[in-house]
Amino acid sequence: MDFNKQVIDEFRANNGQVGGYFEGARLLLLTTTGARSGKPHTTPLAYLPDGAGRMLVISSAGGAPNNPDWYHNLKANPRATVETGSFIFDVEAEVLEGAERDMAFARAVEGDPGWAGYQAKTTRTIPVVALRVAGPPRGSAPSGGAFLKLVHDGFRRELALIRRELSDSGRPGLGVQLRINCLTVCQGLHHHHTGEDTMIFPGLAEQHPSLTPILERLAKEHDRIAVLLEELEQALSGEDPVKVRAEIERLVDELEAHLTYEEEQLIPILDLS
């Protein structure tokens, strides 16, 4: 419990970034309702992107003979809350069954053999739970500018994880989970830029006409990044990790320049709103 509290405090203080055991992991905070107590319980968990608005968490308990409390809580009440560092979501939990569970667990093992080690330590079949987003995200930033920086840093962190996964995979081809991780961040960037182009930028242009040249440049950069995302997705359809790595490096370089420029130009304006 003391270990979990330390991780939770560090996670919330640093917008989802922690050191120690969880450093460099995809981490979320899952808040469930106690099956017996009815009280909220928060647990830090590693997770796998699954696309289609789902995140997967694995009830490993380090290979212990019994499932952890958070799993029993979700079985009793599937509604829960997830914190990612950038957003807070309401989620609906579903325990995966049969072939779907087996494929998800195999993807996890492909990325980290430690999951197989946990399974080997116990006679129970370790459950995989899908957390499906069940409502609009809520932000925890104190201002519009801080929220923009929080979102940008989430993309930076995810791309850094993908780069590391590519370097550490040691595979001749691309793993299924790695493809999903890449496609998930591509989808997230697309949605973020679409939201800016259709809602944020028009509103800013109306309130601050002097921003028009800056917003036009940012919109053109969105078009360029969209091309890079398409080229990355094409590379992901093949089996050449070197090609994928090259496309990710191109994307990261241009995206970082874009994010930095957008932050320099828009954060002061958003913080005044």
Side-chain angles (χ1 to χ4, degrees), residues 1 3-4 7-8 11 16 18 21-22 25-138 154 158 161 165 175-181 183-185 187-188:
M1 295 299 293
F3 172 77
N4 278 357
V7 174
I8 291 165
F11 183 101
V18 300
Y21 179 80
F22 282 115
R26 284 182 183 79
L27 189 67
L28 57 78
L29 301 183
L30 176 67
T31 299
T32 60
T33 300
R36 288 176 291 185
S37 69
K39 297 179 180 179
H41 293 273
T42 300
T43 307
L45 295 171
Y47 75 95
L48 304 174
D50 192 47
R54 298 199 317 182
M55 295 163 279
L56 304 183
V57 289
I58 299 176
S59 181
S60 68
N66 299 313
N67 287 309
D69 289 344
W70 64 260
Y71 174 81
H72 296 293
N73 292 346
L74 289 177
K75 290 284 285 184
N77 184 352
R79 297 286 294 193
T81 302
V82 160
E83 299 170 55
T84 64
S86 300
F87 298 109
I88 302 171
F89 297 95
D90 293 325
V91 296
E92 186 84 19
E94 176 191 2
V95 179
L96 301 186
E97 303 287 350
E100 186 179 18
R101 177 267 170 203
D102 294 344
M103 287 188 292
F105 193 78
R107 282 170 19 211
V109 170
E110 180 183 69
D112 183 354
W115 297 113
Y118 293 148
Q119 182 62 83
K121 290 171 62 177
T122 182
T123 57
R124 65 186 172 93
T125 299
I126 292 178
V128 179
V129 180
L131 304 174
R132 184 178 297 279
V133 176
R138 305 187 294 277
E158 182 63 24
L161 285 169
E165 288 164 351
V176 176
Q177 186 60 48
L178 182 54
R179 293 177 194 271
I180 292 173
N181 296 348
L183 291 172
T184 299
V185 75
Q187 184 182 55

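Computed from a prediction, not measured in an experiment: that's the story for all the values here. Along the sequence shown, the residues carry numbers beginning at 1.
A donor-acceptor pair under 3.5 Å links the side-chain atoms of Glu110 to the main chain of Val176, judged by distance alone.
Legend: residues meeting salt bridge (Lys or Arg N to Asp or Glu O under 4.0 Å) with Arg124, ordered by chain and number and at least two apart, are absent. Judged as a salt bridge (Lys or Arg N to Asp or Glu O under 4.0 Å), and not counting sequence neighbours, the contacts of Arg26 are Glu158, Glu165. With sequence neighbours excluded, the residues satisfying salt bridge (Lys or Arg N to Asp or Glu O under 4.0 Å) with Asp90 are Arg138. Judged as a ring-ring contact (aromatic ring centres under 6.0 Å, His included), and not counting sequence neighbours, the contacts of Phe89 are Phe87.
Considering every non-hydrogen atom in both Ser86 and Gly154, the closest pair reads OG-CA, 3.9 Å. Closest approach of Val91 and Val133 over heavy atoms only: CG1-CA, 4.2 Å. A pairwise comparison of heavy atoms in Met55 and Leu28 identifies SD-CD2, 4.1 Å as the closest pair. Of all heavy-atom pairs between Leu48 and Ala104, the closest is CD1-O, 4.2 Å. Of all the heavy atoms in Pro49 and Arg107, the pair that sits closest is O-NH2, 3.8 Å. Nearest heavy atom pair, residue Thr33 against residue Gly38, reads CG2-O, 3.5 Å.
To the nearest 0.5 angstrom, Leu30 atom CG is 13.0 Å from Tyr47 atom OH. Taken to the nearest 0.5 Å, the CZ atom of Arg36 stands 9.0 Å off from the CG atom of Asn73. In this structure, Glu100 CD and Glu97 CD are separated by 9.0 Å, a value rounded to the nearest 0.5 Å. To the nearest 0.5 Å, atom CG of residue Leu45 and atom CG of residue Leu27 are 7.5 Å apart. Atom CG of Asp50 is separated from atom CD1 of Ile180 by 6.0 Å, given to the nearest 0.5 angstrom. Here the CD1 atom belonging to Ile8 is positioned 7.5 Å from the OG1 atom belonging to Thr31, to the nearest 0.5 angstrom.
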Practice problem: Please test Thr43 against Asn4 for side-chain contact (heavy atoms from CB on, under 4.5 Å), starting from the C-alpha separation and ending with a verdict. | Solution: CA-CA 7 Å; Thr43 307; Asn4 278 357; 4.2 Å; yes

Self-check item: Residue pair Thr125, Arg101: steps toward the side-chain contact (heavy atoms from CB on, under 4.5 Å) verdict
Solution: CA-CA 10 Å; Thr125 299; Arg101 177 267 170 203; 3.6 Å; yes

Self-check item: Residue pair Phe11, Phe22: steps toward the side-chain contact (heavy atoms from CB on, under 4.5 Å) verdict
Solution: CA-CA 10 Å; Phe11 183 101; Phe22 282 115; over 6 Å; no

Quiz item: side-chain contact (heavy atoms from CB on, under 4.5 Å) between Val57 and Trp70: does it pass, once the steps are laid out?
Solution: CA-CA 11 Å; Val57 289; Trp70 64 260; 3.8 Å; yes

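When each of Leu56, Val129, Asp102 is tested with Leu96 by the rule side chain to side chain contact (heavy atoms under 4.5 Å, CB included), just one qualifies, namely Leu56.
Residues in residues 57-81 take part in these salt bridge (Lys or Arg N to Asp or Glu O under 4.0 Å) pairs, two or more places apart or across chains: Arg79-Glu92. Pairs passing the side chain to side chain donor-acceptor pair (under 3.5 Å) check and including a residue from residues 55-66, sequence neighbours excluded, read Ser59-Asn67.
A 4.5 Å side-chain heavy-atom check between Leu74 and Val95 finds every atom pair outside the cut-off.
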